[in-house]
Amino acid sequence: MPAFDLDTELTAERRHLSESRAALARMRGRAEALFSTGDRVAGDAYTAEQLGRHMARRVKELADDPTTPLFFGRLDIEEAAYHVGRRHVTDDAGEPMVLDWRAPLSRSFYRASVRDPQGVATRRRFGFVKGELTSFEDEHLDRGEELGTSSRILTAEIERPRVGPMRDIVATIQPEQDELVRAEIADSICVQGAPGTGKTAVGLHRAAYLLYLHRERLRRSGVLIVGPNTAFLSYISAVLPALGEVEVQQATVEELVGRAPVRAVDSPAAALVKHDVRMAEVLRRALWRKLAKPTEPIMVSDGSYRWRIDAEPLRRIVDEARRDGLPYAVGRERVRARVVGLLQRQSEYRTGNSPTDAWLRKMSKVAPVTGFLDAAWPAVTPEALVAEVLTDPPEGVLDDEERAAIRWAKPPRTVKAAKFSPADLLLVDEAAGLLERETSFGHVVIDEAQDLSPMQARAIARRSEHGSITVLGDLAQGTAPWAAAEWRETLGHLGKPDAAVVPLTIGFRVPASVLTLANRLLPALGVDVPEAVSLRSDGELAVVPVADPSDLDAETLVEVTAALAHEGSVALIAADAAVEQLREHLAAAGIENATPDDVDSEARVTVVPATVVKGLEYDHVVVHEPADIVAAEPKGLNRLYVVLTRAVSRLSVVHAKPLPSPLG
């Protein structure tokens, strides 16, 4: 365009941005007014409470962050212009000023091309600086003009330095990502994503998309995000609220199964057995062997009457309930109800009257009935079942060595006194699932899923039995002793064996120089995954050998200081044992630093233990002594692969010991 036309267009777009923000403020104002007066317009207390919750949620959804662009694109279709943004904004007449990125029409912003323009004449991308519109860039698809990944604005947004939590990627979603984001709610999918391919963002944006399309359904059943640790969940916590989704639950597996406090630590051998899927069978057998066939009749006194049920009908009731395949506790109550039903029939036949509810409740609790139940179908708690198994592990599933590994050296005197480890709580959760069904979420997103043990996967499966899942992970980044080598087995434990496995291999965040170094490790990791390919050639890589080991920390400090000269976040990643020493070294040099759990810290430098860095990204990464990271655990090379791929601009590897041989 001529310069004059450019200025005119830019002025018009800025005006539309200003008017859209004003319209959003009015929408929020109306929601706040309804929230404050809801108790007066509602017909009753219950309606008032429901309306209040709805409007409070609506007020949160309409929050505006002036540093975040309200819209990032525009589509010109049949002489009409549609601005695409993070949420739907309408004027006072209800006409759209900004289309939600999840709306059907917005799909064309991500998928339209010269080959398939989808009716789009022009696609416009906007450049912003701290929420202020500064530039725009047009693709005239009707003239055969398409920028693709050579878009200056798209590239700048992808490569923009970041400080603090992860941000959304609605302005930069690529067609292959958009296809996954907009998958049907009934579809369970597994994304095998190489570092920097945006798999985490895809999962979060899919959750946001499904909430937009199936809001009432998912509001009732809920959406759950499962992450590997609290640092990771803190890192991603701002993404969905920025998209207007404020009611999504986030948890680690440990939080999901945390029915009791953790007061014990397992040996590696015990943990390995307890995470094994065979423990589910151990618990199942231990539970169902508690059933006993009735051998005696029961006699129930009822005023001047006495009711009798012979052993044969009692055996039939127990056998039928067992064949029904119900959870154990539900089956017990089914047996109780059928026994009371037989008593009721006798009473009706003899008295000619239908018993009252009070009579039925009384009969369900009389001593002969409860005594029969306790003998034939005993009451059990999850904690008691696990304590029983760990006190004397039964034969038949585990070998003698495995049984010895999990056997409690000193059994507790009572179940309440039992000290459970994290793996024990998985067993308790499994036992609880045998007793009663867990509430199922409508959709569950599981990140870093390659590290799930079979028992962890089963815990998640119980919470997604009637919903779909999005599984995110990278087999090459598996670091747990039970890490998956292929996806089918894990998907089976998650209850979705037929989920489609979709690879993402094109990296948008991690520079090519960094991936080239990390990819050298792949042949040694024991998994069959394609190498990641990066579209970025702008990154910097420095491998810094240190001749004298006593100078290692000082040289590390030099690299951290150099990183601070650039914009963006800085991470110093080291073996866990070295973290405290490095933090003290930085503090002594006057460099403020934090840990990943310090979510409110404004320090630019984060010192990150190698074991918790998975899923996190930083503009500049300094890796301290790779050999120590590798030596710290059996899957140390996998851990190093994770560590090396956390950088999105600059990577410095500082070492005094020889680099691991695959790096050359």
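Numbers here simply count residues along the sequence, with the first being 1.
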Would a distance-only check, ignoring hydrogens and angles, find a side-chain to backbone donor-acceptor pair under 3.5 Å from R259 to D429?
no
From the options D447, T479, T645, select the one residue that forms a side-chain hydrogen bond (donor to acceptor under 3.5 Å, both in side chains) with K614.
T479
Using every non-hydrogen atom in the two residues, find where L426 and S453 come nearest and quote the distance to one decimal.
CD1-OG, 4.4 Å
Looking only at atom types and distance, does a side-chain atom of H214 sit under 3.5 Å from a main-chain N or O of L210, one as donor and one as acceptor?
no
Please enumerate all residues that pass ring pair (Phe, Tyr, Trp, His ring centres under 6.0 Å) together with W482, with sequence neighbours excluded.
H275
Do F72 and F128 have their ring centres less than 6.0 Å from each other?
no
Taking only Lys NZ, Arg NE, NH1 and NH2, and the carboxylate oxygens of Asp or Glu, determine whether R650 and D619 approach each other closer than 4.0 Å.
no
When you check the gap from the basic side-chain N to the acidic O, do E430 and R462 get nearer than 4.0 Å?
yes
Tabulate below the donor-acceptor pairs under 3.5 Å that side-chain atoms of residues 490-500 make, not counting sequence neighbours, or state none.
{"residue": "K496", "atom": "NZ", "partner": "S464", "partner atom": "O", "Å": "3.1"}
{"residue": "K496", "atom": "NZ", "partner": "G467", "partner atom": "O", "Å": "2.6"}

Judged by atom type as modelled, is there a donor-acceptor pair below 3.5 Å linking the side chain of E245 to the main-chain atoms of V248?
no
Whether the side chain of S440 engages the backbone of H466 through a donor-acceptor N/O pair (distance < 3.5 Å, no angle test) should be reported.
yes
Below 30° counts as parallel, above 60° as perpendicular, anything between as tilted: where do the rings of W101 and Y110 land?
perpendicular
So, using salt bridge (charged side-chain N to carboxylate O under 4.0 Å, His left out) as the criterion, who are the partners of E402 when residues are at least two apart?
R278
